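Input: a single structure, listed below in structure tokens.
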2 protein chains.
Amino acid sequence: MFLRIQPSSSDPLFEQIVFGVKRAVASGELAAGERLDSVRDLAKQLAINPNTVAKAYAELESQGVIVRRQGAGCFVAERSSPLSDRERNKRLSQLVERLVIEAFHLDFSPPEIRAAVLARLDLHASDQGTSP
Amino acid sequence: MFLRIQPSSSDPLFEQIVFGVKRAVASGELAAGERLDSVRDLAKQLAINPNTVAKAYAELESQGVIVRRQGAGCFVAERSSPLSDRERNKRLSQLVERLVIEAFHLDFSPPEIRAAVLARLDLHASDQGTSP
DNA sequence: GAACGGTACTAGAACACATGGTACAGTGTG
DNA sequence: CACACTGTACCATGTGTTCTAGTACCGTTC
């Protein structure tokens with residue numbers, strides 16, 4: 001399992017792990033049912049404390065990304081979001097709103113934002129259409 | 001100047017202010033050159049410490065969103081991003097990447113993500129095309 | 001000059017982050 | 001069964017951020 005961590009970043013280590021795993025799952029690098037590195041192994045690889053990895057894994061489970069089985073390990077969940085449709089749509093709106101506003105202050109025009117999103121989504125259009 | 005703050009949120013107060021101002025500017029609610037509420041006034045309105053507002057304003061200035069003039073007040077900047085084109089494009093990519101990955105784990109398909117972004121951008125298509 | 005701006009300190013409480021260590025319970029395998 | 005490995009749950013500690021509180025200084029505006 002490949003995961004890079006930047007200790008220089010202002011983002012907390014455990015959040016970097018959370019997003020790194022999410023990215024690996026979304027890209028298909030980690031398939032559903034696949035086992036993650038153990039808490040102790042990943043901590044050793046990244047040269048950080050096992051408690052920090054455990055915190056990241058707990059967060060990932062609460063988001064429905066992985067399943068933790070005591071004694072066995074952590075595995076990529078089959079289906080993801082445990083949220084209601086209303087909550088899912090609300091969060092998607094917030095994500096889009098944040099993108100648009102931050103991009104606006106980076107001096108990008110709506111057509112430029114639109115192009116960036118479409119380019120990113122079309123990258124994997126030739127796949128099964130499941131993993132962006 | 002309308003700004004709502006949620007003390008219950010896990011987001012820091014000063015970051016809520018930063019995003020709130022950014023949103024107001026992006027929506028056109030705050031026009032370029034317009035004066036913001038003073039540090040002390042806004043602090044009183046929101047019932048928080050003036051230092052917290054000052055921190056938010058300092059952050060907004062460092063991002064090129066506003067200009068602070070000692071003794072006069074804070075004003076919405078004319079042009080925004082002080083970053084290089086390379087840095088701007090890098091950040092846009094990161095924003096899009098985050099949106100796509102988080103939306104994926106909310107069980108949204110690429111077409112749904114695409115539709116959400118287009119809907120948000122088309123909302124203001126009838127304007128001059130400057131403020132999303 | 002007076003009132004109102006931003007700016008800059010100091011100090012402290014509360015919290016988050018990360019580390020280190022220990023211990024316990026469930027799982028899988030030889 | 002015994003053993004190694006897994007997640008889980010604590011505790012304690014150090015560090016940094018967030019927020020509050022108070023004070024003070026300097027520039028702008030009228």
Side-chain angles (χ1 to χ4, degrees), chain A residues 1 3-22 25 30 32-78 82, chain B residues 1 3-22 25 30 33-78:
Chain A
M1 191 174 96
L3 255 186
R4 267 173 275 169
I5 295 299
Q6 293 170 325
S8 60
S9 168
S10 64
D11 292 339
L13 292 176
F14 83 94
E15 279 188 12
Q16 293 186 46
I17 297 173
V18 167
F19 188 71
V21 171
K22 278 183 165 184
V25 172
L30 277 174
E34 193 169 342
R35 188 172 171 280
L36 303 183
D37 288 342
S38 78
V39 165
R40 292 172 178 82
D41 271 3
L42 185 55
K44 195 165 283 184
Q45 284 176 39
L46 302 177
I48 63 177
N49 196 283
N51 286 335
T52 304
V53 177
K55 182 175 182 179
Y57 280 6
E59 173 67 17
L60 282 165
E61 185 177 51
S62 80
Q63 292 186 22
V65 178
I66 70 173
V67 175
R68 297 185 294 174
R69 286 172 44 205
Q70 184 164 339
C74 293
F75 305 84
V76 178
E78 297 297 331
Chain B
M1 191 173 96
L3 256 185
R4 267 173 275 168
I5 295 300
Q6 293 171 325
S8 59
S9 168
S10 64
D11 292 339
L13 293 176
F14 82 94
E15 279 189 12
Q16 293 184 46
I17 297 173
V18 167
F19 188 71
V21 171
K22 279 183 165 184
V25 173
L30 278 173
E34 192 168 343
R35 188 171 170 283
L36 303 183
D37 289 342
S38 78
V39 166
R40 292 172 176 83
D41 272 3
L42 186 54
K44 195 165 283 184
Q45 284 177 38
L46 302 177
I48 63 177
N49 195 283
N51 287 335
T52 304
V53 178
K55 183 175 182 180
Y57 280 7
E59 173 67 18
L60 283 165
E61 185 177 52
S62 78
Q63 292 185 23
V65 178
I66 70 174
V67 174
R68 297 185 294 175
R69 285 173 44 206
Q70 183 163 340
C74 293
F75 304 85
V76 177
E78 296 298 330

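Reminder, nothing fancy here: chain letters follow the sequence lines and each chain counts from 1. The shown structure was predicted, so the numbers you read here are calculated from the model rather than taken from an experiment.
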Euclidean distance, B:I5 CD1 relative to B:L42 CG, rounded to 0.5 Å: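 Answer rounded to 0.5 Å: 7.5 Å.
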CD-CZ distance between A:Q45 and A:R4, expressed to the nearest 0.5 angstrom: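 Separation between the atoms: 13.5 Å.
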Side-chain donor/acceptor of B:N51 to base of D:dG22, under 3.5 Å: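 Side chain to base: pair present.
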[X] [atom1] to [N] [atom2], straight-line distance once rounded to whole Å:
X	N	atom1	atom2	answer
B:K55	D:dG16	NZ	C1'	11 Å
B:I48	D:dC19	CD1	C1'	9 Å
B:F14	D:dC19	CZ	C1'	11 Å

For nucleotides 5-8 of chain D, give me every protein contact, N/O to N/O, under 3.5 Å, one pair per line with atom names.
| from | atom 1 | to | atom 2 | distance (Å) |
| --- | --- | --- | --- | --- |
| D:dT6 | OP1 | A:S38 | OG | 3.4 |
| D:dT6 | O2 | A:G71 | N | 3.2 |
| D:dG7 | OP1 | A:V39 | N | 3.4 |
| D:dG7 | OP2 | A:V39 | N | 2.9 |
| D:dG7 | N7 | A:R40 | NH1 | 3.0 |
| D:dG7 | O6 | A:R40 | NH2 | 2.9 |
| D:dG7 | N2 | A:Q70 | NE2 | 3.2 |
| D:dT8 | OP1 | A:R68 | NE | 3.2 |
| D:dT8 | OP2 | A:R68 | NE | 2.8 |
| D:dT8 | OP2 | A:R68 | NH1 | 2.3 |

Heavy-atom side-chain contact between B:I48 and B:V53 under 4.5 Å: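 Yes. Closest side-chain heavy atoms under 4.5 Å.
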A:K22 side chain reached by A:L60 side chain, heavy atoms, under 4.5 Å: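 Result yes, sub-4.5 Å side-chain heavy-atom pair found.
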Where chain A begins and ends its contact with DNA chain C, read 5' to 3' at 4.0 Å from heavy atoms: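 With heavy atoms of chain A under 4.0 Å away, the range is C:dC17 to C:dG28.
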[X] side chain vs [Y] backbone, donor-acceptor pair below 3.5 Å:
X	Y	value
A:R35	A:A72	yes
B:E59	B:F14	no
B:E61	B:V67	no

Residue pairs involving residues 9-19 of chain A (criterion salt bridge (charged side-chain N to carboxylate O under 4.0 Å, His left out); sequence neighbours excluded):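 Qualifying pairs: none.
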